[in-house]
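Read the structure below first, then the notes.
Below, chain A is the first sequence line, B the second, and so on; all start at residue 1.
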Amino acid sequence: EPEVTQTPSHQVTQMGQEVILRCVPISNHLYFYWYRQILGQKVEFLVSFYNNEISEKSEIFDDQFSVERPDGSNFTLKIRSTKLEDSAMYFCASSRVGPETQYFGPGTRLLVL
Amino acid sequence: KQEVTQIPAALSVPEGENLVLNCSFTDSAIYNLQWFRQDPGKGLTSLLLIQSSQREQTSGRLNASLDKSSGRSTLYIAASQPGDSATYLCAVFGTSGSRLTFGEGTQLTVNP
């Protein structure tokens, strides 16, 4: 069964460093998403992406964040200058069309020191 | 702004019991509602999706209902098993955006 994959599974970085989180969505899906979950808190929406552009972004997704689909299979989230409060589990998701089942990847646990 | 609430926050039941998890949302303008399972430190596994036009959706021992007008959904788990122990999340996809809004989850423990 097709699934969303994410790399790396864990990343530790120093405050102020740039990180890139990678995702490979399900191959025939057209909508891509990033969510995050701070330990003990709700899953929060960051950004949705369709047709090579951002469809919607939350108030969390400020200028420090960017997304890209560099080729036909990868979808990346870049955090330009990490802060301590960026420590969280980051989930990538994809769906075939917008209001349909979203399939989530296993997540990348980011720890900013 | 959509708010999603789940009750109870935690539930512990003996194996074999039938149980109901509750989810409520404040804005009834939704496309669908999705139930997920999350195991500790892991990703989200989609269990069921109910479209806004549907009242019910079933998958094996799981049955989800939706009452859009009252802003409520329930997830019914029949004959619970220890392997059902996990956190169950509900999330709604609103008509005014392209995001899922999540509840806090219900942490379920099924005791053998």
- Message: A quick test of your reading: do over 12 heavy atoms of other residues, nucleotides or ligands sit less than 6.0 Å from CZ of A:R80?
- Response: yes
- Query: Is the number of heavy atoms from other residues, nucleotides or ligands within 6.0 Å of CG (A:D63) greater than 12?
  - Reply: no
- Flag for B:E15-B:N111: side-chain donor and acceptor within less than 3.5 Å: no
- Task: Would you mind telling me which of B:G105, B:G103, B:A91, B:S52 has the largest number of heavy-atom pairs within less than 4.5 Å of chain A?
- Result: B:G103
Can you tell me which portion of [X] sits under 4.5 Å from chain B's heavy atoms? Options are side chain, backbone, both or neither.
X	answer
A:S58	both
A:Q37	side chain
A:Y50	neither

- Task: Just give me the residue among A:A93, A:G107, A:G105, A:S48 that pairs up with chain B most often, heavy atom to heavy atom, under 4.5 Å.
- Result: A:S48
Report which part of [X] has an atom under 4.5 Å of a heavy atom belonging to chain A: side chain, backbone, both, or neither.
X	result
B:L48	neither
B:E104	both
B:S46	side chain

On the 0 to 90° scale, with breaks at 30° and 60°, tag the [X]-[Y] ring pair as parallel, tilted or perpendicular.
X	Y	result
A:H29	A:Y103	tilted
B:F102	A:F104	perpendicular
A:F75	A:F32	tilted

